[in-house]
Amino acid sequence: MLRAISRVFSRASGQRKIERMVTLVVATTVDPASIGPASALLAMPGWHPGPPVQDIPSFVNGEVRLLKHDSSIVAEDNLDKRWEDTTGEVVDEVIFLSRHTAVSNRPALTVHPIGVPHLSEDELPPAGGKPGWAGPPSPRIGPWLRLLKKIAETHNLTPEFEVTLEATHHGPLVNTPTMFVEIGSTEEYWKRQDAAQAVALLLWEGLGLAGGDGVGNWHRNSERNKVLLGLGGGHYAPRHMDIVLKDGVWVGHLLSGYSLPMEDPSKQKTENRAVGIGGTWKQAIKASFEATKVAFPGGEILAHLDHKSFKSWQKNAITSFLAEENIKVGKPEDFF
């Protein structure tokens with residue numbers, strides 16, 4: 001498998017130091033929907049033991065590194081930096097394997113970016129991360145959603161399992177382009193071996209472990225450079241999904257309505273109305289936009305609004321703020 005190599009200039013020696021760029025896959029033994037796919041992936045050819053990171057065992061295959069820890073998946077922060085400090089290898093992406101929970105209990109296979117950019121400083125994140133933070137989203141999210149759908153269909157997991165995006169939510173802290181791949185939504189499905197095998201195949205094919213360049217490598221993208229920044233809608237981003245399921249579409253952060261807290265101006269005190277619409281929605285949009293730019297160097301980030309999910313005053317406020325920040329708004333046809 002081919003992989004880009006980073007060359008870092010050393011001022012001390014005057015020479016260039018060549019550093020290996022690797023993908024970090026993270027699983028936890030306390031979650032059957034995490035360790036199941038990890039075990040299925042490790043059963044495939046080419047793996048051998050790697051160096052431990054603070055007593056967390058690792059496994060190596062080409063430029064892929066798999067970590068298995070015993071904590072909550074959102075509790076181990078900065079695993080990218082901890083790997084780099086231990087091995088000297090530069091982590092250019094992180095993929096977390098996890099369970100998904102939903103009130104509906106519907107079986108699902110999901111992918112999503114991470115962050116809690118809408119939380120204020122005095123709020124405690126319920127599932128990792130830090131207030132106001134959005135991790136760079138993995139460029140693979142869009143291409144892997146489409147690949148996961150194909151794998152699920154081929155292995156007769158659909159229509160029983162829904163294959164879907166989720167909006168940006170939870171931690172852990174990481175500063176490298178990141179995505180979660182999850183199996184939902186109850187213990188019965190977390191333990192399903194066919195679902196675990198599907199996720200393992202997603203990583204096997206998507207990371208190029210089966211040969212070739214893999215799927216969803218932004219740095220090998222030579223054609224389309226427009227990236228969707230989703231604003232509004234529900235947690236499963238149906239309006240954004242309609243676009244992302246089309247071939248060639250890239251996707252960054254997805255902020256559902258609950259991640260865009262806005263104070264209704266009609267309920268604000270008269271003296272506060274001149275200040276503008278309160279809430280952390282501006283903070284959330286700005287942090288998510290900046291993180292998406294980091295993940296897609298050279299890309300054109302276009303905000304896509306779920307118009308039907310907003311009231312008129314919300315839509316007007318958001319579009320005005322996007323204009324102030326020089327964030328372009330894209331219609332569905334703009335992404336193709």
Side-chain angles (χ1 to χ4, degrees), residues 22-44 47-61 64-87 89 91 93-102 107-116 124-130 133 135 137-138 140-141 144 148 166 168-204 206-207 209:
V22 300
T23 295
L24 201 61
V25 178
V26 182
T28 173
T29 60
V30 300
D31 178 358
S34 180
I35 195 61
S39 297
L41 183 62
L42 289 172
M44 296 175 178
W47 293 96
H48 59 86
V53 176
Q54 297 165 339
D55 297 326
I56 300 174
S58 76
F59 303 85
V60 172
N61 192 341
V64 180
R65 311 289 183 257
L66 191 151
L67 289 177
K68 289 199 304 184
H69 63 69
D70 301 322
S71 305
S72 161
I73 199 71
V74 300
E76 291 281 354
D77 289 338
N78 301 312
L79 280 170
D80 51 346
K81 185 178 187 303
R82 289 156 65 185
W83 179 267
E84 292 176 1
D85 290 345
T86 298
T87 67
E89 295 179 336
V91 177
E93 61 180 331
V94 184
I95 300 162
F96 291 92
L97 305 178
S98 178
R99 66 187 178 193
H100 169 66
T101 58
L109 301 170
T110 79
V111 295
H112 70 83
I114 64 172
V116 283
L124 180 66
K130 66 179 180 180
W133 158 82
S138 170
R140 297 190 192 272
I141 290 172
W144 277 29
L148 181 57
E166 288 185 81
T168 299
H169 65 302
H170 69 61
L173 277 176
V174 63
N175 291 310
T176 304
T178 297
M179 67 186 294
F180 263 65
V181 182
E182 301 184 353
I183 299 173
S185 296
T186 64
E187 188 169 2
E188 173 189 353
Y189 299 106
W190 300 336
K191 294 180 177 179
R192 281 273 291 264
Q193 289 303 306
D194 52 355
Q197 189 66 29
V199 172
L201 283 172
L202 174 69
L203 273 74
W204 184 253
L207 294 175
L209 290 170

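Note that the coordinates shown come from a computational prediction; the quantities given were computed from them, not determined experimentally.
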Query raised in the report: Between Glu76 and Arg82, does a salt bridge (Lys or Arg N to Asp or Glu O under 4.0 Å) hold up when you go through it step by step?
Result: CA-CA 10 Å; Glu76 291 281 354; Arg82 289 156 65 185; 2.9 Å; yes
Query raised in the report: Does a salt bridge link Arg65 with Glu89, judged by any charged N lying under 4.0 Å from a carboxylate O?
Result: yes
Report task. Indicate yes or no: does Arg140 engage Glu93 in a salt bridge with an N to O separation below 4.0 Å. Result -> yes
Report yes if some heavy atom in the side chain of [X] is under 4.5 Å from a heavy atom in the side chain of [Y]; otherwise report no.
X      : Y      : answer
Phe96  : Val74  : no
Leu207 : Val25  : yes
Val22  : Val64  : no
Glu166 : Glu182 : yes
His69  : Val26  : yes
Thr28  : Ser34  : yes
Leu41  : Leu66  : yes
Pro172 : Leu79  : no

Quick one: does any side-chain atom of [X] pair with a main-chain N or O of [Y] as donor and acceptor, under 3.5 Å?
X     : Y     : result
Glu84 : Val91 : yes
Asp31 : Ile73 : no
Ser58 : Pro51 : yes

How close do [X] and [Y] get, heavy atom to heavy atom, and via which atoms?
X      : Y      : value
Pro177 : Pro137 : CB-O, 3.9 Å
Ile183 : Trp190 : O-CD1, 3.2 Å
Thr168 : Pro113 : OG1-CG, 3.2 Å
Tyr189 : Gly184 : CB-O, 3.4 Å
Ala40  : Ala200 : CB-CB, 3.7 Å
Ala27  : Ala38  : CB-CB, 3.6 Å

Report task. Go through the steps to decide whether Phe180 and Ile95 satisfy the test side-chain contact (heavy atoms from CB on, under 4.5 Å), and finish with yes or no. Result -> CA-CA 6 Å; Phe180 263 65; Ile95 300 162; over 6 Å; no
Query raised in the report: Yes or no on side-chain contact (heavy atoms from CB on, under 4.5 Å) for His170 and Ile114, after CA distance, side-chain angles and deciding distance?
Result: CA-CA 6 Å; His170 69 61; Ile114 64 172; 4.2 Å; yes
**Report entry** His112 vs His100, ring-ring contact (aromatic ring centres under 6.0 Å, His included): CA-CA, chis, key distance, verdict
**Finding:** CA-CA 11 Å; His112 70 83; His100 169 66; 8.2 Å; no
To the nearest 0.5 Å, tell me how far [X] [atom1] sits from [Y] [atom2].
X      : Y      : atom1 : atom2 : result
Trp204 : Gln197 : CH2   : CD    : 11.0 Å
Thr101 : Glu187 : OG1   : CD    : 13.0 Å
Asp85  : Asp80  : CG    : CG    : 9.5 Å
Asn61  : Met44  : CG    : CE    : 10.5 Å
Asn175 : Asn78  : CG    : CG    : 6.5 Å

Report task. For side-chain contact (heavy atoms from CB on, under 4.5 Å), just list the numbers for Trp47 and Leu209, CA-CA rounded to whole Å, side-chain angles, deciding distance to a tenth of an Å, and then say yes or no. Result -> CA-CA 10 Å; Trp47 293 96; Leu209 290 170; 4.1 Å; yes
Query raised in the report: Under the side-chain contact (heavy atoms from CB on, under 4.5 Å) criterion, do Lys130 and Leu173 qualify, and how do the steps go?
Result: CA-CA 7 Å; Lys130 66 179 180 180; Leu173 277 176; 3.8 Å; yes
